[in-house]
Amino acid sequence: MPVARPEPQEPRVIAHVDMDCFYVQVEQRRNPELRGQPTAVVQYNDWKGGGLIAVSYEARKFGVKRSMRGDEAKMVCPSINLVQVPVARDKADLNVYRSAGSEVVTILSTKGKCERASIDEVYLDLTDAAKEMLLESPPELLELIFEEATKSNILGLPSVIFVLHDLIVVSLQFDMNVTNRASYVQDVSNREDSVRAWLCRADADYQDKLLSCGAIIVAQLRVKVLEETQFTCSAGIAHNKMLAKLVSGMHKPAQQTVVPSSAIQDFLVSLPIKKMKQLGGKLGSSLQDDLGVNTVGDLLSFTEDKLQEYYGVNTGTWLWKIARGISGEEVEDRLLPKSHGCGKTFPGPKALKNNASVKTWLDRLCEELSERIQSDLNQNKRIAQTLTLYARACKKNKSDSIKKFPSKSCPLRYGTVKIQEDAMKLFESGLHDFLGSQNTKWSITSLSVSASKIFDIPIGTSSILRYIKGPNSTVSPANLDCSSLPEDPSLGNKLYIAPNHEEHCEPSLSEKEDYGNNSNLAKQCQIKEEKKVSKKLTEVKIILGPESSSEPNKAEEHKAAQYVDRNKFNTAGSNSASSSTWMFNVEDIDPAVVEELPPEIQREIHGWIRPPKQSSSKTRGSTISSYFQPAKRD
DNA sequence: ACGGCTGGCACT
DNA sequence: TAGTGCCAG
């Protein structure tokens, strides 16, 4: 369920940038002959021409839609070019699009906080950049406004010209005649003049001026993206994420749209409720069917209390706010995905009906997953902690077949073979739960594996080996237990040290309120809290990572292993094998050894042992925060 | 026989 | 936590 976030007081400048039919553009760059042609990207050509996942604007004019079959597309648009998604290991391989997306993110992340929202979308928080521009070169003083910026669409600006313009753009695409062209040019120039005037208004309020700067910055970024990647994109510029996202697709392709505060209400009143993000599904339907709310304007007549009554505290407040254009959600500073997954469906006759075929496919999926987390590790120094298996299954001849195949997860061990083994064990465990006591036939219609709980390997602690080598490490390599070292040859035996992933989370205010109504729940909540406090959050993980260069020194390795309490390591269940991570308590580290370490590492370790802050009188430590905001020195 | 394949988030 | 469900494109 959606949740309202506290609204920042200061006005922000937020942009949502959305690539235009991205996969098509990627293919058009690979094969320029496709440019300007009706084109679609399709995956799996064997059944009814495959499914379309991206459609060029030329093809859309013929009525070609995403989710059409290749065959259907050919029917409505015989001249369409259908490009297949690359296939690897007998499944669609989206890596070309992922890396193309990274190219774009790299460019877009240069002007402010940047959040990768999907493979082809980002949010930007340009507040600081906009403020800076306003101070140093405000639009009203600029002699020449950046051309792309004057092509912006400003919501609420007198729209006669826009309507005209839009109509003419359509006719333009059908090879218009000279007379039309003349009027088009004139209208465009009128339009650009009025946009320029709007962007440069000296009498604009502060918020609008910030937006103007935002629009100019985004225009520059979009041109840069085009120059450096050949990709066009569209964008929305507003004071929050919700509004920016809402309008980024309003004028496509290759255009941007600005939402001044003054235009919000008029814009929202008539907006169909289903167009709002998060309301495209069941919640939106419920609003329509149960409350008769068809537009965002209709929502305005409900009090916050009423909405909370229907949908709970969180969602109720959220609904009340979005109806008024209020959204406090922050742009996260994150350029990389939070998880990696690969999956495949096996519809109808293709369903997998025995362990052997499941294993075949699971092995392929795991191979791809392993490759992806491996390159994430190499390129981004990130480690994934959890492996999860999902499946969809049917039981033969049972009315009970509504039951879902349960997802299962376990600690993720690096190395393709280990991932394959663990995934198969997870599958067997899930299948066992799925079947229960019955001994019926089953079939699998979808399989996927994913790697999640990914965190950065902290800079400065990259290799514990580097720091633990003492002058007199004379232990025999024979003592070293290498049994759980990765087999994958691309992995070496380098040890990484990182804080325990244990999250220290305080229940949110709203949560507390919710619990407050129910003494039982409140008690549970309290118990949870106490557990967290009593458990000393000083555990640290040692993670096996890659050793790119030299052969690891066994003696050093053993020395490192001295600090690993293998007894404390345990696996999550009978189905999971040993992991490449161990838990131990930093307080168990021999202080004498700590002294051998470089000062910065000593400080880090002491930071883990000591509670990071004394500001709160509560005796609550936090591993994650003490690490990432280390050393408030006292 | 389902759009397929990814991804994110909230809730319990 | 692990596991489920919803949502988006």
Side-chain angles (χ1 to χ4, degrees), chain A residues 1-5 18-19 21-23 41-44 47-55 65-70 72 85 91-95 97-98 101 115-121 245 248-249 274-286 312-315 318 329 332 334 336-351 365 368-369 372 385-390 392 394 403-411 426 429-430 433 445-454 501-503 505 507-508 510-511 514-515 521 524-525 528 531-532 572-573 576:
Chain A
M1 300 278 253
V3 171
R5 305 289 178 202
D18 194 271
M19 305 307 293
C21 54
F22 189 45
Y23 293 6
V41 174
V42 67
Q43 56 188 358
Y44 303 136
W47 196 65
K48 298 196 175 179
L52 271 52
I53 55 175
V55 181
K65 299 244 166 60
R66 232 186 24 229
S67 93
M68 269 184 176
R69 296 279 162 192
E72 292 176 76
V85 172
K91 69 176 284 297
D93 180 356
L94 305 182
N95 278 329
Y97 311 117
R98 287 195 188 92
E115 173 181 334
R116 188 200 119 121
S118 77
I119 200 168
D120 69 342
E121 286 170 274
K245 163 84 183 174
S248 66
K274 285 265 188 178
K275 297 242 177 198
M276 300 287 287
K277 191 168 157 107
Q278 304 292 322
L279 297 182
K282 298 191 175 183
L283 183 53
S285 298
S286 164
V313 186
N314 289 337
T315 304
W318 179 80
E329 202 186 337
E332 234 181 285
R334 181 174 58 77
L336 298 169
K338 289 185 164 179
S339 65
H340 301 287
C342 19
K344 182 167 175 61
T345 56
F346 309 95
K350 293 192 175 161
L365 294 172
E368 184 190 328
L369 184 66
R372 283 168 58 190
Q385 284 199 134
T386 303
L387 175 70
T388 307
L389 176 126
Y390 304 89
R392 264 179 39 209
C394 296
K403 194 167 143 195
K404 301 218 165 157
F405 193 101
S407 64
K408 295 281 169 190
S409 43
C410 71
L426 292 174
S429 159
D433 292 358
T445 57
S446 133
L447 272 182
S448 78
V449 285
S450 98
S452 60
K453 291 175 194 156
I454 302 176
H501 185 63
E502 179 89 27
E503 282 283 0
C505 48
S508 68
S510 51
E511 236 177 340
D514 286 352
Y515 285 138
L521 278 179
Q524 283 180 23
C525 184
K528 255 181 162 175
K531 266 194 192 163
K532 278 179 189 158
S576 74

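Numbers restart at 1 for each chain; the letters A, B, ... are given by sequence-line order, proteins then strands.
With respect to A/Glu332 and A/Lys338, a salt bridge is recorded, a charged nitrogen being found less than 4.0 Å from a carboxylate O. A salt bridge is defined here as a Lys NZ or Arg NE, NH1 or NH2 lying under 4.0 Å from an Asp or Glu carboxylate O, and A/Arg116 with A/Glu121 fails to meet this definition.
Atom CZ of A/Arg372 is separated from atom P of B/dC5 by 12 Å (rounded to the nearest Å). Taking atom CD on A/Glu72 and atom C1' on B/dG3, their separation rounds to 10 Å, with Å as the unit. Between the CZ atom of A/Arg98 and the P atom of B/dC5 there is a distance of 12 Å, rounded to whole Å. Note: CD1 (A/Ile53) to P (B/dC5) measures 10 Å, nearest angstrom. Going from atom NE2 of A/His340 over to atom P of B/dG7 covers 8 Å, rounded to whole Å. Rounded to whole angstrom, the span from the CG atom of A/Leu389 across to the C1' atom of C/dG3 amounts to 13 Å. Atoms NZ (A/Lys48) and P (B/dG3) sit 11 Å apart, rounded to a whole Å. Atom P of nucleotide B/dA1 and atom CZ of A/Phe346 are separated by 14 Å, given to the nearest angstrom.
Counting heavy atoms from C-beta on, the side chains of A/Asp120 and A/Tyr23 never come closer than 4.5 Å. At least one side-chain heavy atom of A/Asp433 sits under 4.5 Å from a side-chain heavy atom of A/Lys408.
A distance of about 28 Å separates the P atoms of C/dG9 and B/dA1, rounded to the whole Å. B/dC9 and C/dT1 are spaced 15 Å apart, taking the P atom of each and rounding to whole Å.
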Summary of protein contacts for nucleotides 4-9 of chain C, nucleotide by nucleotide, where a base hit scores B, a sugar-phosphate-only hit scores S (4.0 Å, heavy atoms) = BSSSSS
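The NZ atom of A/Lys344 sits 12.5 Å away from the OG atom of A/Ser448 when rounded to the nearest 0.5 Å.
If you check every strand for non-hydrogen atoms under 4.0 Å, A/Lys91 touches sugar and phosphate atoms only. Residue contacts for A/Pro337: at a heavy-atom cut-off of 4.0 Å it reaches the sugar-phosphate backbone alone, with no base atom in range. Among the heavy atoms of the strands lying under 4.0 Å from A/Leu94 are primed sugar atoms or P, OP1, OP2 only; no base atom is included. Counting any heavy atom pair closer than 4.0 Å across all strands shown, A/Glu332 reaches sugar-phosphate atoms only and no base atom. Within the nucleic acid shown, A/Pro349 comes within 4.0 Å of at least one base atom, counting heavy atoms only.
Here A/Tyr44 does not lie in a stacked arrangement on the base of B/dG4, lacking the combination of planes under 30° and ring centres under 5.5 Å apart.
A residue-by-residue look at A/Arg5 and A/Asp93 shows that A/Asp93 has its nearest nucleotide of DNA chain B further toward the 5' end.
Partners of A/Phe405 under the ring-ring contact (aromatic ring centres under 6.0 Å, His included) rule, at least two apart in sequence or in another chain, are A/Phe427, A/Phe434.
Here A/Ser409 reaches the OP1 or OP2 of C/dG3: one of its side-chain N or O atoms lies under 4.0 Å away. Side-chain nitrogen and oxygen atoms of A/Thr345 include at least one within less than 4.0 Å of the OP1 or OP2 phosphate oxygen of B/dC5. When the side-chain nitrogen and oxygen atoms of A/Arg334 are compared with OP1 and OP2 of B/dG8, one or more of them lie within a distance under 4.0 Å.
Here C/dA2 is the nucleotide among B/dT6, B/dC5, C/dA2 with the atom lying nearest to any side-chain atom of A/Lys453.
When all heavy atoms are compared, the tightest approach of A/Gln278 to A/Pro2 is CB-CG, 4.0 Å.
No side-chain donor from either of A/Thr445 and A/Lys350 sits under 3.5 Å from a side-chain acceptor of the other.
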